Amino acid sequence: MKDTIERAVTSAVEDLTKRGLLPPGSGDAATVSIPQNKEFGDYATNIAMISASRAKKSPREIASLIRGELEQRNDLFSEVTIAGPGFINFTVRPELWIKVLDDIHEQGTAYGCSAYGQGRKVQVEFVSANPTGPLHIGHGRGAAVGDTLVRIMKTAGYEVQAEYYINDIGNQMNLLGLSVLSRYRELFDQGISFPENGYQGEYIRTIASELTRIHGEGLLALDHHEAVHVCREYAARSILEGIKDDLIRFEVHFDNWFSESSLYDQHKVDETLEHLKTSGLSYENDGALWFRTTRFGDEKDRVLRKQDGSLTYFAPDIAYHRDKLERGFTKIIDIWGADHHGYVPRMRAAIQALDSEPESFHALLIQLVSLVRDGKPVSMSTRSGEFVTLREILDEVGTDAARYFFLMRRCDSHLVFDLDLAKKKTEENPVFYIQYAHARICSILRNAAELGLAPDMSQVDRTLLEQDDDLDLIKVLATYPDVLVSCAADLEPHRVAFYLLELATEFHRFYNKNRVISESGPGTMARLVLVDAVRQVLVNALALMGIVAPESM
RNA sequence: GCGCCUGUAGCUCAGUUGGAUAGAGCAACGGACUUCUAAUCCGUAGGUCAGAGGUUCGAAUCCUCUCAGGCGUGCCA
C-alpha cells in the first residue's frame, strides 16, 4: 500500500516538474509515512517541506500544487489535505484497503515477500562459535538474530546463504586437547597439571570419561603429543555434534559449514598474504609481518605473522573474507558478539584491501544477554566455565519463548532475559499473547467449519468490511510487507517481534468488540475472511521468527 | 588517555534514517464474563527523551561539550 502512495506522489511531482512548476529533483529525499495521529489520515508525505528551499516557494504553496494533482486520484484517495507546516495527508479509499485481503488470500504464505533485494547475493555468517565448548546464551541470541535475518532477507528478494565458520585449528584447539587429556589422566590418578587458561567446564570431564569408554587406559601409553591429538580431535567432533544438535533444536539452519583449516589446505591463507604483499599493503617490522590497515582508516597497523612465525587470528580471517568475496556475495554480513567491536575497522580495512567497497561489509554486533530469575540476576562467568548454556535455556523455557525473547530487542541493546516471564502462560508473556491470538482464530474457524462455513473471499460482500474496526485491523495487515522491507534494509529483525505484538493486540481488540460468527447476515463470511487473513499473517511472521503457530492452546 | 555502544514513563524497551500533541508491553489504579478460548478487552494515571549549548521552518534523532553505565584499546581467539 505504501508503495502505491509513493508512486502516486512521485508521479504527481514529476508531472509538476514537467510543467515547470517545480524544479527537477524535488522528490528526492522525501518520504511517505504513517502519521502517529490517526486524525491526520492513513499516510502523509513531507515532500512540500523538503523541496521548499529549492523551489523557492513556501511549503504550503507546494503542498497545494501537489494536492491539486493528487485530488484527481479519486481511485486512491477519499481525501487529501494539507496540515501543519506543510504535510500532505492522505485518506485511502476503503475499497483499496479491502483489496489487501485479496492479496493475503491469493499469496498465502508468500504474503509479505517483495523484490526489494533484486536477487542480490548475500551471506550471513553467524554463531561461528569455536568447537571448544557448548553454545551459551550469548550464542543463542546471535543464532536467533542471524537465522531470522536470513529468513527475512529471503522474503525481501535476496539470495541468501547462512554460514557457520568453524575455528577448527589454532591454539584454542590444542588447549582443548590438553584440557581433555588432563581430565582423562585424572580419572586414572595420573593427573598432569591442568593447563593455564584451560577449559574448565564440566563437559570436558564428560568427554574425558567418554574417551575412557572408547580407549580404556590406552591413551596413557601414547606419547604426549599423540595423546593430545587424539583428545583434541575427539573433543572437537563431539562438541561440534552437540552444537549442531542444539541448533537444530533451536530451529536454526545453516546452508554451509566452513572450516578454517580448509583455508590452509587450499593455500588460501598464503595466497592472501601474497596478495597483500604485492599490493604493497604489508611490511616486515620487529620480526613480524604487518598489514597497513591504517591506510583504510584503522587506528594502527595490525600484525599478520607474529615474531615466533605463527599467524594471528586475523590472517586466516582475511583469507576467509577474501573467499566470501570470491564466491560472489555483494553483501557480507558478519554477526559478532559486541565485545569484538574493536575488530570491525580492521576487517573493513581488509575488505577494502581486497578491492571491495567497504559498504559491502556489515558487522552486526550482538550485545550481552543477562538472565534474571526470581527478579534477581543469574551470575555467569565464562572464565570459570559457569556459563548458562543454550541447551539449559531451551530445556527451561522452550524454543518458541527463547527465540522471541532473543529477538525482542535491538541487537545493540543489552537484553535482560527474564526466565520466569518466558515461562508464564499469561498476557504478560508476549510469546503467549501472540500465539494465543493465532489459536483463538483457529478456534473460530473450527466453529465455523462445524456450521459448514469456510472463509471464501469470492463470497464476501465487501462493503460489510468498511467499519472502523475492520479497517483498523486491515491497516495493520497492510503494513506487514513494509515492515519486512525495513527489517531487511536496516538489518533489524527485532521489528518483526514488535509487529507481531501489534497485530495480536489489534486482533484481540477486534475479537472483544466484534462477534465473528453471528447467526444472521452475510457479515459472518466477511469477518471469517478477515480473521483468516490475520491468521495467515500471524503464521507468516511467526515462521520468520522460527516460532510455532499453535492451532489450539 | 583514546575509541565504540548505551542512557526515552516505576520496570523492560520501540521510535520507519530530521517531522505534527514522544509510543508499546508489563507493573499500578478503576471497570467489562448469559459471549466464537476472560490465557482477553476497555479506561485512568504515568515524561525536563541523562544534562548544557549549537545547526533549521522543525531535533529523542545531526554536531560539540559534560555526566553515568557497559565494552574495546593483544604479536589472544
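In the text below, chain A, chain B and the rest are named by the order of the sequence lines, each starting its count at 1. These numbers come from a predicted model, not from an experiment.
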**Q** Could you tell me whether E492(A) contacts a base, only the sugar-phosphate backbone, or nothing, with contacts defined as non-hydrogen atoms closer than 4.0 Å?
**A**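 Sugar-phosphate, no base atom in range.
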**Q** Got a sec, which residues hit ring-ring contact (aromatic ring centres under 6.0 Å, His included) with Y199(A), two or more places apart in sequence or on another chain?
**A**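 Y199(A): no ring-ring contact (aromatic ring centres under 6.0 Å, His included) contacts found.
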**Q** Strictly under 4.0 angstrom, non-hydrogen atoms only: write out the protein contact profile of nucleotides 71-77 of chain B, one letter per nucleotide from the 5' end, B, S or -.
**A** BSSSBSB
**Q** Write down the distance between CG (L503(A)) and P (rA24(B)), rounded to a whole number of angstrom.
**A**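 L503(A) atom CG is separated from rA24(B) atom P by 17 Å.
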**Q** Could you tell me how the ring of H321(A) sits relative to the ring of F361(A): parallel (under 30°), tilted (30 to 60°) or perpendicular (over 60°)?
**A**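 Correct class here is perpendicular.
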**Q** Using the C1' atom as the point on both nucleotides, what is the distance between rA60(B) and rG15(B), in whole Å?
**A** 8 Å
**Q** Rounding to an integer number of angstrom, what distance separates rC33(B) and rU40(B) when you compare their C1' atoms?
**A**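 Result for the C1' pair: 10 Å, nearest Å.
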**Q** Encode nucleotides 34-44 of chain B as B, S and - characters from 5' to 3', where the letter depends on protein heavy atoms closer than 4.0 Å: B to the base, S only to sugar-phosphate, - to neither.
**A** -SBBSBBSS--
**Q** Grab the N/O contacts between the protein and nucleotides 54-64 of chain B below 3.5 Å, and write none if there aren't any.
**A**
none

**Q** Is D323(A) paired with K268(A) through a side-chain N to carboxylate O contact shorter than 4.0 Å?
**A**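 Yes, K268(A) and D323(A) are salt-bridged.
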**Q** For I5(A) and rU16(B), give me the distance from atom CD1 to atom C1', rounded to whole Å.
**A** 16 Å
**Q** Are rG19(B) and F87(A) stacked, with the base six-membered ring and the side-chain ring centres under 5.5 Å apart and planes under 30°?
**A** no
**Q** If I pick the C1' atom on rU55(B) and the same atom on rC62(B), what distance separates them, to the nearest angstrom?
**A**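 Roughly 8 Å separates the two C1' atoms.
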**Q** Roughly, in whole Å, what's the span from CG in D418(A) to P in rA27(B)?
**A** 12 Å
**Q** Roughly how far apart, to the nearest Å, are rU56(B) and rA9(B) at atom C1'?
**A**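 One C1' to the other, the span is 30 Å.
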**Q** Can you tell me the distance, in whole Å, between the CD1 atom of I152(A) and the C1' atom of rU16(B)?
**A** 15 Å
**Q** If only side-chain N and O atoms count, and only distance matters, is there a donor-acceptor pair under 3.5 Å linking N174(A) with R232(A)?
**A** yes
**Q** NZ of K38(A) versus P of rG23(B): gap in Å, rounded?
**A** 14 Å
**Q** In terms of base orientation, is rU64(B) syn or anti, with the syn window spanning 90° either side of 0?
**A** anti
**Q** Expressed in whole Å, how much space separates the P atoms belonging to rA45(B) and rG25(B)?
**A**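 rA45(B) and rG25(B) have their P atoms separated by 15 Å.
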**Q** Determine which pairs satisfy salt bridge (Lys or Arg N to Asp or Glu O under 4.0 Å) with at least one residue from residues 300-318 of chain A, sequence neighbours left out, and list them in order.
**A** D298(A)-R302(A)
**Q** For RNA chain B, just give me the dot-bracket, please: Watson-Crick or G-U, both distances below 3.5 Å, ( ) intra-strand, [ ] crossing earlier pairs, | paired with another strand, . unpaired.
**A** (((((((..((((.....[...)))).(((((.......))))).....(((((..]....))))))))))))....
**Q** rC67(B) and rA50(B): how far apart are their C1' atoms, nearest whole angstrom?
**A** 7 Å
**Q** Answer with base, sugar-phosphate or nothing: what part of the nucleic acid does D412(A) contact at a heavy-atom distance below 4.0 Å?
**A** sugar-phosphate
**Q** Among all residues two or more places apart in sequence or in another chain, which pass the salt bridge (charged side-chain N to carboxylate O under 4.0 Å, His left out) test with E260(A)?
**A**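 Testing E260(A) for salt bridge (charged side-chain N to carboxylate O under 4.0 Å, His left out), a comparison that skips the adjacent residues, returns none.
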**Q** Taking atom C1' of rU12(B) as reference, at what distance in whole Å does atom CD of Q367(A) sit?
**A** 16 Å
**Q** Near K277(A) NZ, under 6.0 Å, is it more than 12 heavy atoms from other residues, nucleotides or ligands?
**A**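 Atom NZ in K277(A) is not packed in, count stays at 12 or less.
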**Q** Assign A83(A) to base, sugar-phosphate, or nothing according to its heavy-atom contacts below 4.0 angstrom with the strands shown.
**A** base
**Q** Taking only residues two or more places apart in sequence or in another chain, which ones pass salt bridge (charged side-chain N to carboxylate O under 4.0 Å, His left out) with K424(A)?
**A**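 By the salt bridge (charged side-chain N to carboxylate O under 4.0 Å, His left out) rule, K424(A) matches E428(A).
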**Q** Send over the distance from R410(A) CZ to rC13(B) P, rounded to a whole Å.
**A**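 Atom CZ in R410(A) sits about 11 Å away from atom P in rC13(B).
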**Q** Can you sort out the partners of F510(A) under ring-ring contact (aromatic ring centres under 6.0 Å, His included), two or more places apart, ordered by chain and number?
**A** none
**Q** Strictly below 4.0 Å, N to O, side chains only: are D334(A) and K324(A) in salt-bridge contact?
**A** yes
**Q** Please state how far atom CH2 in W336(A) lies from atom P in rC4(B), giving the value in whole angstrom units.
**A**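 Going from CH2 in W336(A) over to P in rC4(B) covers 17 Å.
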**Q** Hey, can you tell me if H340(A) and Y343(A) have their rings parallel, tilted or perpendicular (30° and 60° cut-offs)?
**A** perpendicular
**Q** Would you say rG15(B) has OP1 or OP2 under 4.0 Å from some side-chain N or O of R495(A)?
**A**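 It does, given that an N or O in the side chain of R495(A) lies less than 4.0 Å from OP1 or OP2 of rG15(B).
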**Q** Quick one: list whatever passes ring-ring contact (aromatic ring centres under 6.0 Å, His included) with Y404(A), sequence neighbours left out.
**A**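 ring-ring contact (aromatic ring centres under 6.0 Å, His included) list for Y404(A), sorted by chain: empty.
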**Q** Compare side-chain N and O positions of H494(A) against OP1 and OP2 of rG15(B) and report whether any pair is under 4.0 Å apart.
**A**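 It does, given that an N or O in the side chain of H494(A) lies less than 4.0 Å from OP1 or OP2 of rG15(B).
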**Q** What residues, two or more places apart in sequence or in another chain, satisfy salt bridge (charged side-chain N to carboxylate O under 4.0 Å, His left out) together with R509(A)?
**A**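 R509(A) satisfies salt bridge (charged side-chain N to carboxylate O under 4.0 Å, His left out) with E506(A) only.
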**Q** So what does F40(A) hit on the nucleic acid, given a heavy-atom distance under 4.0 Å: a base, only sugar-phosphate, or nothing?
**A** base
**Q** Just call it for N89(A): base, sugar-phosphate, or nothing, with non-hydrogen atoms closer than 4.0 Å on any strand.
**A**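 Counting heavy atoms under 4.0 Å across all strands, the contact made by N89(A) includes a base.
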**Q** Do R346(A)'s NZ or CZ and the ring of F291(A) fall within the cation-pi criteria of under 6.0 Å and 45°?
**A**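 No.
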**Q** What pairs meet the salt bridge (Lys or Arg N to Asp or Glu O under 4.0 Å) rule with one or both residues in residues 34-48 of chain A, with sequence neighbours excluded?
**A**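 Residue pairs with at least one partner in residues 34-48 of chain A: K38(A)-D472(A), D42(A)-K475(A).
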**Q** Under 4.0 Å, heavy atoms only, any strand: does A437(A) hit a base, just the sugar-phosphate, or nothing?
**A**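 It contacts nothing in the nucleic acid.
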**Q** rA59(B) and rU16(B): how far apart are their P atoms, nearest whole angstrom?
**A** 16 Å
**Q** What integer number of Å spans the C1' atoms of rG19(B) and rG53(B)?
**A**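 Rounded to whole Å, the distance is 23 Å.
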**Q** Indicate, with a heavy-atom threshold strictly under 4.0 Å, whether I34(A) touches base, sugar-phosphate, or nothing.
**A**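 Contact class for I34(A): base.
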**Q** Out of rA14(B), rA20(B), rU17(B), which has the shortest distance to the side chain of T31(A)?
**A** rU17(B)
**Q** Once the angle between the rings of F406(A) and F417(A) is folded into 0 to 90°, is it parallel (under 30°), tilted (30 to 60°) or perpendicular (over 60°)?
**A**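 Ring orientation, 0 to 90° scale: perpendicular.
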